[in-house]
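Indexing begins at 1, ligand by ligand and atom by atom, following the structure's order. If you're wondering where the values come from, they're calculated on a predicted model, not measured in any experiment.
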Amino acid sequence: MARATSRSAFAQPAGGGSKPGYFAIGSANALHGLDVAIGNMRDGMRPVEAAVAGVQLTEDNPDDHSVGLGGLPNEDGIVELDASVMDGPSHKCGAVGALRDICHASAVALRVMDLTDHVLLVGEGARRFAVEQGFPVENLLTDAARNEWQKWKAELSPNDNRLAPPTEPRGGGAPPEFTWGTITLMAMNEAGDLGGTTSTSGRSYKIPGRVGDSPVIGAGLYLDNEVGGCGSTGRGEANLINCSCFAVVELMRQGRTPEEAAREVLARIAKKCEPRLRNARGEPDYQLKLYAMRKDGLVGGAIMRDKGDVAVHDGTHSRLIPLPAIYT
Ligand code: GLY
């Protein structure tokens, strides 16, 4: 096992640590959305709404195959989206799972939180709710995503089972650009109130109806206004069985930094990883990233394998910081 031993990239707190102000954190594909979120909070928007506005840039981007328009579809070639939102001051949440034909899944989740007595709507019920709320209905499968799906389908064999994740090309050709992509964004205003969202098209070529971690509070998103918050991207099944984001927030409550908490949770997940998902060295052979922010503005995170970045905004400018890896 190759443990990352380098000095923490977060040794100098990107967000000041104990300094009041506007902060935001997210996955690398949320970098530009952080500027939107910070600007909207300065204009008085709730952090949770500002986070949703920030991820809409990416939900609208047909070239990001991990979320919204252009997301890679399920095994039937249909894009199904998952998203959740969480609001710090009210400790309320909203979420949608396996939502079809509606691009802004995070905004639908926000309406679930604000306008209903429920937390999670799925499938046709989620779609009907979105349509009732006036969200436009559109085909989210772009030509580029359809091409990738058709390549995947062409490589299927009648002997395939549904256990092996399609991480390697079968029969040649380039692997799909994304298989587990997602966007997550968390924002905090000057009053120290938090809000966040996670939005995704989920695991590509999934079984129709598969719901991942992103709409499950505690798995792909969690925050506590007294402590901080955590969002995640990567293999959703790993977060679903480990309540990863909830665990990170609870460790921060006990005094861990965001990086320490994220590393500890990834190490726990690695320890419990089932054998079929390990590589020849016995390490989890999938990607998982945790992005965390503490109430004092200290930000951090960790990545299961290799390289990846977290996007941070300290109220002045946004930048990418490398995440420390558990396995390199
Ligand atoms: N983390 C995204 C998913 O697995 O659905």
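Looking only at side-chain heavy atoms (C-beta outward), Thr184 and Ser27 come within less than 4.5 Å of each other. Side-chain contact between Asp60 and Leu69 is absent, with no heavy atoms from C-beta onward closer than 4.5 Å. Considering only heavy atoms from C-beta on, Leu298 comes within 4.5 Å of Pro258 through its side chain.
Close approach of ligand 1 to Gly234 (heavy-atom distance below 4.0 Å) involves ligand atoms 1 (N), 2 (C), 3 (C), 4 (O). Under a 4.0 Å criterion applied to the non-hydrogen atoms of Gly202, ligand 1 contributes the atoms 5 (O). Shown in contact with Arg203 at under 4.0 Å from a heavy atom are these atoms of ligand 1, numbered in order with element: 5 (O). Using a 4.0 Å cut-off to heavy atoms of Thr182, the atoms of ligand 1 that qualify are 1 (N), 2 (C). Listed by number with element, the atoms of ligand 1 under 4.0 Å from a non-hydrogen atom of Asp213 are 1 (N), 2 (C), 3 (C), 4 (O), 5 (O).
Across Val310, Val248, Val299, a single residue satisfies side-chain contact (heavy atoms from CB on, under 4.5 Å) together with Tyr291, and that is Val310.
Of the N or O atoms in Gly236, one or more lie within a sub-3.5 Å distance of an N or O in ligand 1. Inclusion of Arg210 in the set of residues having an N or O under 3.5 Å from an N or O of ligand 1 is warranted. Taking distance alone, with nitrogen or oxygen atoms compared against 3.5 Å, Gly212 stays at or beyond that limit from ligand 1. Looking at ligand 1, you won't find any N or O of Arg235 less than 3.5 Å from one of its N or O atoms.
Residues that satisfy the salt bridge (charged side-chain N to carboxylate O under 4.0 Å, His left out) test with Glu59, not counting sequence neighbours, are absent from this structure. Arg128 is linked by a salt bridge (charged side-chain N to carboxylate O under 4.0 Å, His left out) to nothing, counting only residues two or more places apart in sequence or in another chain.
Ligand 1 lies nowhere less than 4.0 angstrom from a heavy atom belonging to Asp82. Look at Ser214 and you'll find a heavy atom under 4.0 Å from some atom of ligand 1.
Dense packing is recorded around CD of Glu124, with more than 12 heavy atoms of other residues, nucleotides or ligands lying under 6.0 Å away.
Asn189 contributes a side-chain N or O that, together with a main-chain N or O of Ala191, makes up a donor-acceptor pair within less than 3.5 Å.
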